[in-house]
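Every value quoted in this text rests on a predicted model; they were computed, and no experiment measured them.
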Amino acid sequence: MRHLFIASALCTSLCLCPMAAAAQSWDRTRLNDEVLNSAANYTNVLRTSHAEVRRYINWRGWRPGMNAEQQEARTSAILTSIDASETINATLVPTLTPATLESYGVRFRYCDGKLLSYFGTPDFKHNLTGAQIAEAPVLRAERRGKRYAGRPVGVVEAGSDGMVLAFSNGRQMRIPDCLIKGAYPTSLATGTVAYLSSALQKYGVARTRRTREKQKVACPVGEVGLGQTERRYLRTDYSAQGNQIGTPYYDTSEGGDGNWTVTADFCREPGTVRKRDVQPCDAVIRGPNRTMTVPGKGRAVYDYYVTEAQDPTDFTKVVWLPSDAEGNYTTNVTGTLSQLSNCDNLAPTATVTPVVSTAMETQTLGCAEPWTHGGRDYQRSVTNTTYTYSGMKPGWENGLSASNVNLVRRGDWALTDNSCRRWVFSSAMQQKSTDCSCRGKVTHQRAVTTKGWDWQARADTITTTHGHWNRVSGSCEPAWKVERQGGSCNNNSSPNSGNDGGPEGREDNDGDGVNDAQDRDDGDPTVD
């Protein structure tokens, strides 16, 4: 139920003219504090509601005891609720009671990092206008002998460049178009009392940056030219605070700009031209009474055709290939006898046999990470097909003179050798503990070094070497000393027991607690 009250006798005498540029639209002599406080209370409700919702959007100075995932979920739910109904559920912002918001008709809109809070009704208590509601806080501060220092509430008006929020001090703030209409069912009407501020969204997408990518591709099959230029956009989402959200992506949905779009087309249908091959022959001159043959003074003219085609190794270039008069490529190059010939007994057609030569092309490329030495050798075949014509007379009889037609085809690069490698080296200490033959324990250690070449495509040549065992701690007490002190040995070794102590009576010359006759592992990397 909205705030609809019967105006008092005092209020009915108020001047209800629209708000002027300064706080002079009120009749100060006939305005009491009750009406002024009632009008100012509207702005308090609007600003408080706006501040509470804004805190949940940008999470600055807001500590509800939630983790980041819960905060993100809460923000998403609030923005979804605003988009759906322009209202806030009580569980989303507990400090805002739905009864209060509904009684005042508070509504919210959000887009592009801007939050707009406004009254969804033109009916106010005491029949006050929207301009008077927006002006009330300023006038109340003046009546109390103070200067209003808070952010003012404004009224929606039509500006020179879209809708603006007009304030009592004459200042204006432009309202983004997406807040005026956007995806909301109704447009924001003029005269609406509203409050607008930035609300940088900490979670979720607030803006998207597009990065343009370009590429040049070959012409479609059957066309020739310099190719086509294509463009697409890579999108990167950011929060309103400038933090990247997710990974960049191509929007390939219907109408998305992540699809390749042709921006420049330099392709056309291939052209076909006639070339004439001219060969010497014996000219025949026929008179009324006799016929003369002039050796070598005649011309045998054959017409050939060549048609444009895409260069197989560089799509930005065009080559000429033998064809028929209709532009169909052919491998059997056949010329047709022209009427310009003036020799007898000429064949109706002539054939040009192509000469094919093949060579190998090589190149060496460097190694990729992590390989630091060597290189990679590649080779490919290069096939040159040459169609040789005998006539070489440029522009003969207004036709292009036949000249050699060369077609170069290159195969794919094939890897022939890979010498990429890197040097590896590591050193570590290896330890072992050995129980003495009688009493005590001795610890030995030795260095284990691994080094060599790690090859990318060949067998590695890495070797591991072991140093000598060196005692680092512990000592052994001989059996005679233990028995003299009245003790007994822990191990009663026998000659065939296989214990490290070996047969009784052997000497421990190196003091490692192991009988020398069995101590075969010193310097032997195969024995642990």
Side-chain angles (χ1 to χ4, degrees), residues 217-228 265-359 361 380-411:
V217 297
C219 292
V221 177
E223 297 184 11
V224 296
L226 297 177
Q228 295 177 336
D265 190 349
F266 302 99
C267 301
R268 55 180 171 79
E269 294 293 327
T272 301
V273 298
R274 178 182 59 189
K275 288 180 175 290
R276 281 176 170 154
D277 184 14
V278 184
Q279 304 176 19
C281 61
D282 296 338
V284 178
I285 302 176
R286 292 180 174 84
N289 299 320
R290 64 174 182 159
T291 299
M292 294 179 58
T293 299
V294 182
K297 297 299 181 179
R299 290 184 297 244
V301 181
Y302 290 92
D303 292 336
Y304 294 86
Y305 294 90
V306 289
T307 300
E308 291 176 301
Q310 208 79 54
D311 190 318
T313 58
D314 186 352
F315 66 82
T316 64
K317 296 180 180 180
V318 174
V319 296
W320 293 92
L321 297 182
S323 68
D324 57 20
E326 287 73 31
N328 300 311
Y329 304 115
T330 178
T331 56
N332 298 321
V333 185
T334 303
T336 305
L337 184 65
S338 172
Q339 295 179 354
L340 299 176
S341 301
N342 59 358
C343 298
D344 287 347
N345 302 323
L346 295 176
T349 60
T351 302
V352 175
T353 302
V355 176
V356 180
S357 62
T358 302
E361 188 177 15
R380 64 179 177 181
S381 61
V382 181
T383 303
N384 189 3
T385 303
T386 303
Y387 299 89
T388 303
Y389 303 87
S390 60
M392 296 288 180
K393 197 172 184 180
W396 185 84
E397 291 295 332
N398 297 323
L400 295 177
S401 176
S403 57
N404 288 358
V405 175
N406 294 311
L407 176 61
V408 180
R409 297 183 183 274
R410 292 177 170 84

List the steps, then state whether side chain to side chain contact (heavy atoms under 4.5 Å, CB included) holds for R286 with D344.
CA-CA 11 Å; R286 292 180 174 84; D344 287 347; 2.3 Å; yes

Using the rule given for side chain to side chain contact (heavy atoms under 4.5 Å, CB included), can you reason through N384 versus N406, listing the C-alpha separation, both sets of side-chain angles and the distance that settles it, and then say yes or no?
CA-CA 7 Å; N384 189 3; N406 294 311; 4.0 Å; yes

Starting at CZ of R299, measure out to CG of D277 and round the result to the nearest 0.5 Å.
13.5 Å

Hey, could you give me the CD/CG distance between Q339 and D303, rounded to the nearest 0.5 Å?
9.5 Å

Closest approach of C267 to D265 (non-hydrogen atoms, all atoms of both residues)
N-OD1, 3.0 Å

Drop me the distance from K317's NZ to L226's CG, to the nearest 0.5 angstrom.
11.5 Å

What pair of heavy atoms forms the shortest contact from C219 to G225, and how long is it?
SG-N, 3.8 Å

Is a donor on one side and an acceptor on the other found under 3.5 Å between the side chain of E269 and the backbone of V224?
no

Q228 side chain to V217 backbone, donor-acceptor under 3.5 Å
no

Can you tell me how far OG1 of T358 sits from CZ of R409, rounded to the nearest 0.5 angstrom?
12.0 Å

T330 vs N332, side-chain hydrogen bond (donor to acceptor under 3.5 Å, both in side chains): CA-CA, chis, key distance, verdict:
CA-CA 6 Å; T330 178; N332 298 321; 5.3 Å; no

Which heavy atom in P270 sits nearest to a heavy atom in G222, and how many Å separate them?
CD-O, 3.1 Å

Any donor-acceptor pair under 3.5 Å linking the side chain of T385 with the backbone of V356?
no

Quick check for you: to the nearest 0.5 Å, what is the distance between L321 atom CG and T272 atom OG1?
10.5 Å

Do other residues, nucleotides or ligands put more than 12 heavy atoms under 6.0 Å from N345 CG?
no

Does D282 use its side chain to pair, donor to acceptor, with the backbone of G296 at less than 3.5 Å?
yes

Take Y387 and V306, measure what side chain to side chain contact (heavy atoms under 4.5 Å, CB included) needs, and give me the verdict at the end.
CA-CA 11 Å; Y387 299 89; V306 289; over 6 Å; no

Between the CZ atom in R380 and the OG1 atom in T313, the distance rounded to the nearest 0.5 Å is 7.5 Å

Which pair of non-hydrogen atoms, one from T334 and one from Y304, has the smallest distance, and what is that distance?
C-CE2, 3.5 Å

Indicate yes or no: at least one non-hydrogen side-chain atom of T331 is less than 4.5 angstrom from one of P354.
no

For A347 and Y302, work out which heavy atoms get closest and say how close.
O-OH, 2.9 Å

Yes or no on side chain to side chain contact (heavy atoms under 4.5 Å, CB included) for W320 and E308, after CA distance, side-chain angles and deciding distance?
CA-CA 5 Å; W320 293 92; E308 291 176 301; 3.4 Å; yes

Could you check whether any side-chain heavy atom of V405 comes within less than 4.5 Å of a side-chain heavy atom of P322, counting everything from C-beta outward?
yes

Which heavy atom in G298 sits nearest to a heavy atom in N342, and how many Å separate them?
CA-OD1, 3.4 Å

